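Shown next, in structure tokens, is the structure this report addresses.
Just so we're on the same page: letters track the sequence lines, and every chain starts at 1. Everything numeric in this text was worked out from a predicted model, so none of it was measured.
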Amino acid sequence: MIRFPRHEGGDVSVVICGAAGQGIQTVEDLLVQVLRVEGYHVFGSREYMSRVRGGNNSTEIRVSSRPVRALVDRIDLLIPLNGGVRANIIERIDEGTIIIGDGEELGTEFAGYEDQFLNAPVLEEARQVGGKVYASVIAAGILAGLFDVSTGPVESYFEKRFGAKGDKIVAQNREALDRGLTMARRLLEKGRFSLAVRPNPQESRIAVNGTDAVGLGALAGGCNLVTAYPMSPASGVLSFMAQKARDFGVVVEQVEDEIAAINWAVGGAYAGARPLVTTSGGGFALMTEGLSLAAVMEAPVVVHLAQRPGPATGMATRTEQADLELALYGGHGEFPRVIFAPGSLGEAFDLTRRAFDLASRFQSPAIVLTDQYFVNSFYDLPPFDVGRELPKSYLVEAGPDYRRYAESPDGISPMAVPGHGEGLVGADSHEHDEVGHVYEDFHLRKRMNDKRLRKAEAIFAETLAPTLIGPDDYRDLVICWGSTRHIVEEALDELDRPGLAMLHFAQVWPLHGDTAGLLGRAERVVAVEGNATAQLARLIRRETGIEIKEKLLNYSGLQFSVEKVREGLRDLLS
Amino acid sequence: MIRFPRHEGGDVSVVICGAAGQGIQTVEDLLVQVLRVEGYHVFGSREYMSRVRGGNNSTEIRVSSRPVRALVDRIDLLIPLNGGVRANIIERIDEGTIIIGDGEELGTEFAGYEDQFLNAPVLEEARQVGGKVYASVIAAGILAGLFDVSTGPVESYFEKRFGAKGDKIVAQNREALDRGLTMARRLLEKGRFSLAVRPNPQESRIAVNGTDAVGLGALAGGCNLVTAYPMSPASGVLSFMAQKARDFGVVVEQVEDEIAAINWAVGGAYAGARPLVTTSGGGFALMTEGLSLAAVMEAPVVVHLAQRPGPATGMATRTEQADLELALYGGHGEFPRVIFAPGSLGEAFDLTRRAFDLASRFQSPAIVLTDQYFVNSFYDLPPFDVGRELPKSYLVEAGPDYRRYAESPDGISPMAVPGHGEGLVGADSHEHDEVGHVYEDFHLRKRMNDKRLRKAEAIFAETLAPTLIGPDDYRDLVICWGSTRHIVEEALDELDRPGLAMLHFAQVWPLHGDTAGLLGRAERVVAVEGNATAQLARLIRRETGIEIKEKLLNYSGLQFSVEKVREGLRDLLS
Amino acid sequence: MANRFDLENIDIAWCPGCGDFPILESLKKALTELDLMPRDVVFVSGIGQAAKLPHYIKGHFFNGLHGRALSNATAIKAANPSLKVIAIGGDGDMYGEGGNHFLHTIRRNPDIANFVHNNMVYGLTKGQASPTSQVGFKTPVQVDGVFSTPVNPVALALAQGAAFVGRAFAGDIEQTKEIMKKAIAFKGYALVDILQPCVSFNKVNTYAWFKERIYYLDESHDRSDRMKALERALEPDRFALGVLYSQERPSFESSLAPYRNDDRPLYARSPDLEKLDGLIRSL
Amino acid sequence: MANRFDLENIDIAWCPGCGDFPILESLKKALTELDLMPRDVVFVSGIGQAAKLPHYIKGHFFNGLHGRALSNATAIKAANPSLKVIAIGGDGDMYGEGGNHFLHTIRRNPDIANFVHNNMVYGLTKGQASPTSQVGFKTPVQVDGVFSTPVNPVALALAQGAAFVGRAFAGDIEQTKEIMKKAIAFKGYALVDILQPCVSFNKVNTYAWFKERIYYLDESHDRSDRMKALERALEPDRFALGVLYSQERPSFESSLAPYRNDDRPLYARSPDLEKLDGLIRSL
Ligand SMILES: Cc1ncc(C[n+]2csc(CCOP(=O)(O)OP(=O)(O)O)c2C)c(N)n1
Ligand SMILES: Cc1ncc(C[n+]2csc(CCOP(=O)(O)OP(=O)(O)O)c2C)c(N)n1
Ligand code: SF4
Ligand code: SF4
Ligand SMILES: [Mg+2]
Ligand SMILES: [Mg+2]
């Protein structure tokens, strides 16, 4: 008999896979909501193909008594809703995996795994309820049953989700669920596995994904103008903001292309809005001219850049961390910018809010770099702290002789907007005089370029230090950035090697002044990056001279798993 | 009496300035053609405002018995065609400058310079010839007279230039010129200065500017498709190619925007054309998504990126070297590329040709990085050597089972084009299989990404070494790239310090493997760059770990002069 | 029925019931009836559900960036005028991201056929409004419904002097095929806007919805009268199908320098080095 | 004559005789006659000779990138609907690089006036063809003359449902001013395509050339009839001037969430933190 969790205090990793449009999302939703209410900790992550129907997608849900926040390869329970399970799932089945599926639907697909396969005639049952569409709810029922959830939360979930569709729908879903619960009992009775993860109720937990965290951070930062052209995996933030537009007074416009998106942002910022654009690499590439405009106009804009694999269309619904250099150098000419790469949902909220603050304060572009893995992954955590302080407005009233680009020691000129105060407000894409009028003078050019670049010093002073996790007196140091934080953290936990620590960069530009010192203290440094050329390591060398020779890189389109980082580091550090 | 050249064997630096549309171009043309035929060496460089009429622009022409190829601040003869001379000219007047101008037109503008000012009633004479427009030809005549040119070349110049406009025009111009020649005699008779630079006739010299050199190199490289959206300072190459389109069988299309330009290039390359796009920083920024497309499709495209100061519109007709990082990192995802930055006209020809060869051979984008100073500067030199070898075509015929992205040890797949051979040819912006069809597989992804990135090794093997100029056993080393080559060279000549050498990078990516060794041999290294953040120095540090602490940077909108480099280095090296 | 343009062993990523299937069917039939072979044709597309089509048909293919297919296609045609070039895309692809290329390709008149699967929605990115979405159409982004007036692609093409303008309905394979044949055979830029139901994300503009509003132009329609065509194009709540306008004028390629007295495609050429040497020495 | 929109001590970079001067003059007069003050107005432009105008008139100004003024302008209006927003540019700026924004701004109908100095050439970059250059127009790039059919901006706007479409001639300050006044006062997107001679680079479409081809629409013209307006717009070799079409419909800003029951511009607002806290706790 296989026991889950495999280790004392561990989690159970459930993977549900099926065709697009087949309801995996429903299973995920139901499970997460219900398990969370029951007091479990949950983590979830999706991988899906670039299609609307068919194919095969999967969701991993880890359920635990302790917080879980990272992707694992390990599959404890695999629930294939239909055939055509893809290699990336099959490869992850080990001798401890239990597969629960409908033999009728799956045919011989799991032929080699008879010992681990438990037949659950989901399809037949679904047909009895009213059609194939109920298969996913039945599957959810099975899982709910296995985790032994109480009926209260399930009922309220159904009410919330399907209530509007009428009693019949609610009833049928309820029936499908009940059948699943019953099947769960029968499956357990077979005695092939047991499931003994215990809930650990805590006060007020929320469960959000990276998209929500970025969106909420934007709202907290005072964002009131969102322009975007839909692009995976960045459009979630667009929908999120659209749905909050009325409640929070946000102008949300899906524009005709990415160039419009960034140019709206710059125009809006000029007029006093706090704009956000959300896009992915290809869209960002198109925006770089506009980013340069924001820089020369000193208009505060925030860009959410959710990375996916390139070049070009690449893998539209997959993940990668290969646009750091694009974010850093995109746009012609030279100008300061800020780039955050949150590693946790909390950081995503805080740093998106901070991006609005810094953009406004330094009148320079700020970029929040996430990726598909990050925006589509969720876990439970305490509610973000909104605090009581309103986002600071750095705007001044324009006096009669207002000069938009007045010289100042730190390069920051008081910013006014048209209509606020008596004065006139100008902005110009050319090199300009203090009022903002184009004026060709070589000394002026130098002065203005210096003024803009000088802001880099003020920005540098506000840089966040990378987060050191592990012993202070490390000998080996793993560096990483963005979405791999929790993955590396868990891998290091598992490795449990003395003298091994990690350094996570949630701000990748500018690099904090301690970077060289922190790296210098290590005997060995390994860079873990989700790209093929170790972009952060190269940047670190450029800035500190320190060459990071050991690299663990991944650019398969899927995020690193805890196991891949663990084993990769084990090899590199042995 | 002031003697020109100021030093034995030196050159005479003539600066003509006047409003846009006032005929400076004519003076420049005439002088250069005529002086060159006479056997002088000439160098010319223009700086001009972003306007069509009015303002004040200038051309510097250096005339010498020895080759001259760099911008100087020194003005020996200043010919202001009208008032409103700008500070950048006035600042360069020294006690050895002779100003020849029309007192009537200039009023009190040169009030402080009575001793150096020679009145030449150009306007009155022009009116007598037939109108103000002849002032520029009279000025040209004065200069021709001062240099004592023979009438033959002048006559043939007029015939060529104005012949089509009819005898009257030729005659009036001729008269204007004669008046200028006469004025020259009178000016010399005043005995305030003498001019004793001697011609040094050499066999077959041509005089071209950077635009011509790039255009000719493209033709030599087999370029047969040019797409562009006009943008200073890159549009010269567009016009050049348009004018040669018939003779050389080139498709030249001015498209609706830069995105179209690059996407035409990729489409054309797919079908077997050898495309060139020409643009400046802002346009290039818009093209970066398309560059990424070229990379994933492995379509050979060449981009001419003529830099000007940014950010955004910046200074549209001025110069800078601040888009190296944009050229290097522009585009999302990771892919190899080649970047040349020619320092001489010969290099511009050779490297543009080479860009076509490498792009075709490695099926990777190649970028030729110039700047406004470079494309608008000319000098005389021996004709470019076209040779006898036709540009190599790397195309294969498509067999019936042709696979566009077949695996290969060096990552280079045999390239076929539709219509050549039996097979079908595919190209895809997604990650794809060997045939080119989109296919979501994580192992395939890795293989294909590796295949593309592997080409970087082959490209690296073909990297050109930087050019070392000066003693082999240098102690101090000046590094520079692109258009500053001759400027730094002349500055070093003038400094004439033992143990001082320079290293010029005409290929800035990849960096040649000798770079670290060459820099390591120096006790002190100074980077001379036309930008504010020392982009090449940063890149060198990233690639070699060597930090270049001493920097001489210029981002005023005007190129470095020999004097500025000389004095800057003198300070830094003292 | 087997067709020479069938591609074997493919996994079509479209949703069952999608209007893209009959469009693909119509296209294969049209090409076959025109007696073209896969190696004669280059299918060019951008990104979107419609833009996946080149992966589902036998031929040369170039599947480029979202919105840029017309730029790629025109250059392919310019590089090798002997190829039949067909540019395919969705309404977002061609009229949203690619709107500027659409406008300027009409002006240029390259000899390419342009088939736009107009489903009035962004399919691939899961249901946002497209430039042709009807006013009031609700989506997760357009939560209060679409506000902007939809693009009228047919009217736009006509107003800008397009040489061939057609409209079809995916639900009618026979007629769509006929219109496609005319567009492909036409020498010049030929737009066919194809009304296409998206069964997953557009629950408003369904097969039934379209069927109620379409009608075919009959013989009495004068295809050489631009104003008449515009009248049809601007009818509210009705969609005239067929060839609205068709009048040949010189195609873009015919204007190009390399083909004045030489038919060879560009790939088959080399520069005239002697001439180049002469040019250089003249400078 | 002094005008409250005069800007002192400026060096105007336009060529003497350029049609841009009378357009500037017309605009200042129109604004003054509408009794607007410089601080009420934001002049938004891209890059080109025309696009320099905001540097020559008193008011707020935003001189952005080539081709993008309509995007900037719409966002400015959306961020602060109390501002009068006027977007200015050349034919290359608005119909070439900016073509896609032009098309989609028409659809959106923000309350901005859009004045396009249509000189049928690229002035600032020294004489290449523009999207409105006439067929046959020769330039250093179009050495064999322009081949493409020119953009017909007025027809395009009409075909896409523009709410206000006008055309003017730079040479006639009085009438241009009147048309501008109507456009500025109009609540919604108002295009005025202004025929503008470029004395330096366009030796074909001169003041005289235009004068021979223009005529003003008279009272009999029905401004609410789109088809009639299109007929005017598509006349070959003639340019009907005046307001071709004008029919108000709700403006883009009126659809925006923040202004449903709150008039304050965005700069004057802060997020409702309590509501946000509630939202977060509900997730
Ligand atoms: C530059 C860029 N922006 C955005 C996207 C994302 N994207 C892919 S397809 C698509 C729209 C699809 O709609 P449509 O063109 O109408 O095609 P459909 O799927 O409806 O057939 C978008 C926005 C992209 N791939 N590239
Ligand atoms: C992205 C970009 N591409 C190209 C340019 C160069 N450019 C500046 S103005 C202009 C065209 C000017 O023509 P038009 O818009 O008609 O204005 P005009 O000068 O005729 O008034 C171009 C191509 C630019 N500034 N930015
Ligand atoms: S999402 Fe719509 S357009 Fe796309 S394949 Fe499905 S039904 Fe067709
Ligand atoms: S170039 Fe033409 S448009 Fe520009 S200012 Fe001169 S005359 Fe006017
Ligand atoms: Mg669509
Ligand atoms: Mg123009």
Side-chain angles (χ1 to χ4, degrees), chain C residues 67 74 94-110 129 131-133 135-136 142-163 188-189 226-236 249-257 260, chain D residues 67 74 94-110 129 131-133 135-136 142-163 188-189 226-236 249-257 260:
Chain C
T74 309
M94 291 286 177
Y95 310 141
E97 186 88 41
N100 208 30
H101 312 306
F102 176 54
L103 172 57
H104 292 277
T105 304
I106 293 169
R107 299 177 47 220
R108 219 171 254 128
N109 196 37
T132 55
S133 290
V135 171
Q142 287 72 27
V143 290
D144 297 323
V146 165
F147 177 81
S148 296
T149 306
V151 161
N152 185 327
V154 168
L156 189 153
L158 288 165
Q160 298 311 303
Y189 173 77
R226 196 175 291 281
M227 279 312 295
K228 280 267 155 21
L230 264 167
E231 263 169 45
R232 294 301 185 185
L234 289 170
E235 284 172 329
R249 57 180 164 97
S251 75
F252 173 64
E253 314 79 65
S254 72
S255 78
L256 297 175
R260 304 242 158 180
Chain D
T74 309
M94 291 286 176
Y95 311 140
E97 186 88 41
N100 208 29
H101 313 306
F102 176 54
L103 173 57
H104 293 277
T105 304
I106 292 169
R107 299 178 47 219
R108 219 169 255 129
N109 197 36
T132 54
S133 291
V135 171
Q142 286 72 27
V143 289
D144 298 322
V146 165
F147 177 82
S148 296
T149 306
V151 163
N152 185 327
V154 168
L156 189 153
L158 287 166
Q160 299 310 303
Y189 172 77
R226 197 176 288 282
M227 280 311 298
K228 279 268 155 25
L230 263 166
E231 262 169 47
R232 295 300 187 187
L234 289 169
E235 284 174 327
R249 57 179 164 97
S251 75
F252 171 65
E253 316 78 63
S254 71
S255 77
L256 297 175
R260 303 241 160 182

| request: Go through C:Gly96, C:Gly98, C:Pro153 and name the one with the most non-hydrogen pairs under 4.5 angstrom from chain D. | output: C:Gly96

| remark: When the 4.5 angstrom heavy-atom criterion is applied to C:Phe102 and chain D, the contacting part is neither

| field | Largest heavy-atom contact set with chain D, pairs under 4.5 Å, which of C:Ala155, C:Ser255, C:Gly161, C:Ala257 | value | C:Ser255

| query | So which part of C:Pro150 gets closer than 4.5 Å to some heavy atom of chain D, the side chain, the backbone, both or neither? | reply | backbone

| said: So which residue, D:Ile106, D:Val151, D:Val143, ends up with the most heavy-atom pairs under 4.5 Å with chain C? | reply: D:Val151

| query | Is the shortest heavy-atom distance from the side chain of C:Gln160 to the side chain of D:Leu156 under 4.5 Å? | reply | yes

| remark: Under 4.5 Å to a heavy atom of chain D? For C:Leu234 that would be side chain

| task | Please list, chain by chain and in numerical order, all residues satisfying salt bridge (Lys or Arg N to Asp or Glu O under 4.0 Å) with C:Glu231, sequence neighbours excluded. | result | none

| note | The interface call for C:Asp144 against chain D, heavy-atom contacts under 4.5 Å, is side chain

| field | Separation between CD of D:Glu253 and CZ of C:Phe147, rounded to the nearest 0.5 Å | value | 8.0 Å

| Which atoms of D:Leu103 come close to chain C, meaning under 4.5 Å heavy atom to heavy atom: side chain ones, backbone ones, both, or neither? | side chain

| said: Does any backbone or side-chain atom of D:Asn152 lie under 4.5 Å from a heavy atom of chain C? Answer side chain, backbone, both or neither. | reply: both

| field | Side chain / backbone / both / neither for D:Ser251 at chain C, heavy atoms under 4.5 Å | value | backbone

| Side chain proximity check, C:Ser148 to D:His104, heavy atoms < 4.5 angstrom | no

| Contact winner vs chain D - C:Arg226, C:Arg108, C:Met227, heavy-atom pairs under 4.5 Å | C:Met227

| For D:Tyr189, what residues pass the ring-ring contact (aromatic ring centres under 6.0 Å, His included) criterion, not counting sequence neighbours? | none

